[in-house]
Amino acid sequence: MQAKVNGEPMELPDGLTVSALLQHLGVRGDRVAVERNGEVVKKARHGEQKLASGDVLEIVTFVGGG
Amino acid sequence: MDELVLGGHRFTSRLVVGTGKYEDFATMKAALEASGAQMVTVAVRRLDLQAKGEASLLHWLPKDMVLLPNTAGCFTAEDAVRTCRLARELQLGGENPLVKLEVLSDPKTLLPDAEETIRAAKQLVAEGFRVLPYINDDPIAAKKLEDSGCVAVMPLGAPIGSGLGLRNPYSLQMILDQAKVPVIVDAGVGTASDCALCMELGVSGLLINTAIAGAKDPVTMARAMKLATEAGRLAYLAGRIPKKLYGSASSPLAGVIGTA
């Protein structure tokens, strides 16, 4: 399925959960926050929240800033 | 004990320091230590999916450092609120996190958009955030934000990164006179004397990033800012003498030799 991750279109396996997406991308889930179609997906729900074709995902972290 | 109480936290340091623009994390860490800061600002950004295994910012911050996530780069209330929700998710367990609300309107001046800032502040307060809004040196906007439930107001001294210092001390004085929440000068500080001046006027704290990170020697400048902030605070508490146009002798006028 097609989804957009951090602004980049990506071809992803069907039926991925948020946890599986992070694993697929090689990202540690405890260090990031995930937003799906404008709504935060809480960490406790990463394992159950399934992604759908056309989803817009943001995976963010803290960086230096003022 | 002269403490700054902000949204449930107690700080003995009145200097809040940014974590942006440092050459490397090691310099940032040393500068933070020299500044004595107990709270630092951080930004929320997309994870670089290509740069796996890079050391994260948080790895370089002391465990007891209070984080103040910002909404830098947001130009609408909606984006600022989304950013704060993500920041809350990034801070495990923090139900009422502090956030620095910053909604800009113009990429050249980087001046805040008061209308969008107030709109976002109301939404964030309703969602339980402890909001510290970055605003113009505008007493009306400051009052509206305070009335919206913000835990502090953070007027600028001058545009972000400009280093122009406190351009309008009289507006700041008006904000200070009316404020019932802490007033923190955010943006504009260029050097140590700017810190002292702001603190002498009675602000509760300062937020500095560029003036430290961009100095030739960030660690030494961080120490200078710390000392100036403390000196300014002490001078404010001590109560300065009134300004007078004419001289007033310090030594006794009586008993001078050679007088009649």
Side-chain angles (χ1 to χ4, degrees), chain A, chain B residues 16-22 24-25 28 32 40-54 56-61 67-73 78-79 81-93 100 102 110 134 160-161 186-187 207-214:
Chain A
M1 63 178 180
Q2 273 278 331
K4 204 175 250 188
V5 182
N6 286 359
E8 298 287 331
M10 274 188 196
E11 185 60 38
L12 298 169
D14 284 341
L16 278 188
T17 61
V18 171
S19 292
L21 169 72
L22 295 176
Q23 208 171 7
H24 179 79
L25 296 170
V27 173
R28 276 181 55 181
D30 57 339
R31 293 210 180 146
V32 297
V34 179
E35 189 193 66
R36 174 177 177 250
N37 301 327
E39 303 282 341
V40 170
V41 182
K42 289 200 181 284
K43 282 189 178 71
R45 297 196 59 246
H46 282 190
E48 58 191 72
Q49 178 65 60
K50 287 218 163 70
L51 305 182
S53 187
D55 273 359
V56 178
L57 299 148
E58 298 284 353
I59 303 172
V60 301
T61 189
F62 284 137
V63 301
Chain B
V16 184
V17 177
T19 55
K21 295 186 178 175
Y22 287 94
D24 51 62
F25 283 136
M28 177 197 76
L32 292 181
V40 292
T41 55
V42 293
V44 176
R45 287 293 179 271
R46 284 173 168 168
L47 184 75
D48 183 352
L49 297 172
Q50 311 308 320
K52 288 171 191 139
E54 260 186 26
S56 79
L57 169 71
L58 296 190
H59 174 76
W60 289 87
L61 299 177
L67 298 184
L68 180 61
N70 69 28
T71 63
E78 284 73 21
D79 282 351
V81 170
R82 276 173 72 192
T83 302
C84 289
R85 289 172 182 157
L86 285 163
R88 170 154 61 187
E89 179 65 12
L90 278 167
Q91 285 178 289
L92 296 166
K100 171 183 160 175
E102 172 179 330
L110 298 179
Y134 166 63
I160 296 168
D186 177 6
L207 202 168
I208 303 174
N209 190 347
T210 307
I212 294 174

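So that the names make sense, note that chain A is the first sequence line, chain B the second, and so on, each numbered from 1.
- Taken from CD in Glu8(A) to CD in Gln50(B), the straight-line distance is 8.0 Å, to the nearest 0.5 Å.
- Counting all heavy atoms, side chain and backbone alike, Leu90(B) lies closest to Arg31(A) at CD2-O, 3.7 Å.
- Leu47(B) pairs in a side-chain contact (heavy atoms from CB on, under 4.5 Å) with only one of the listed residues (Val27(A), Val5(A), Leu22(A)), which is Val27(A).
- Interface residue Ala87(B): backbone and side-chain heavy atoms are both found under 4.5 Å from chain A.
- For chain B, the nearby parts of Glu35(A) are the backbone and the side chain; heavy atoms of each come within less than 4.5 Å.
- Here CG of Leu49(B) is found 5.0 Å from CG of Asn6(A). Values are rounded to the nearest 0.5 Å.
- Inter-residue side-chain proximity for Val60(A) and Arg82(B) is flagged as unmet; no heavy-atom pair is nearer than 4.5 Å.
- Considering every non-hydrogen atom in both Gly64(A) and Ala43(B), the closest pair reads O-CB, 4.0 Å.
- In this structure, the portions of Leu86(B) lying under 4.5 Å from any heavy atom of chain A include both its backbone and its side chain.
- In this structure, the separation between OG1 on Thr61(A) and CG on Leu58(B) is 6.5 Å, given to the nearest 0.5 Å.
- Leu67(B) touches chain A through its side chain: at least one heavy atom from C-beta onward sits under 4.5 Å away, while N, CA, C and O do not.
- Of the atoms belonging to Lys100(B), it is side-chain heavy atoms, and not backbone ones, that fall under 4.5 Å from chain A.
- Other residues, nucleotides and ligands contribute over 12 non-hydrogen atoms within 6.0 Å of the CD atom of Glu48(A).
- Nearest approach of Val63(A) to Thr19(B), heavy atoms of both residues: O-OG1, 4.2 Å.
- One distance of note links OG1 of Thr83(B) with CD of Glu58(A); it measures 9.5 Å at 0.5 Å rounding.
- In this structure, Glu89(B) contributes its side chain and Val34(A) its backbone to no donor-acceptor pair below 3.5 Å.
- The candidate with the highest count of non-hydrogen atom pairs below 4.5 Å against chain A, out of Val17(B), Asn209(B), Thr41(B), is Thr41(B).
- The distance from the NZ atom of Lys42(A) to the CZ atom of Arg85(B) is 10.5 Å, given to the nearest 0.5 Å.
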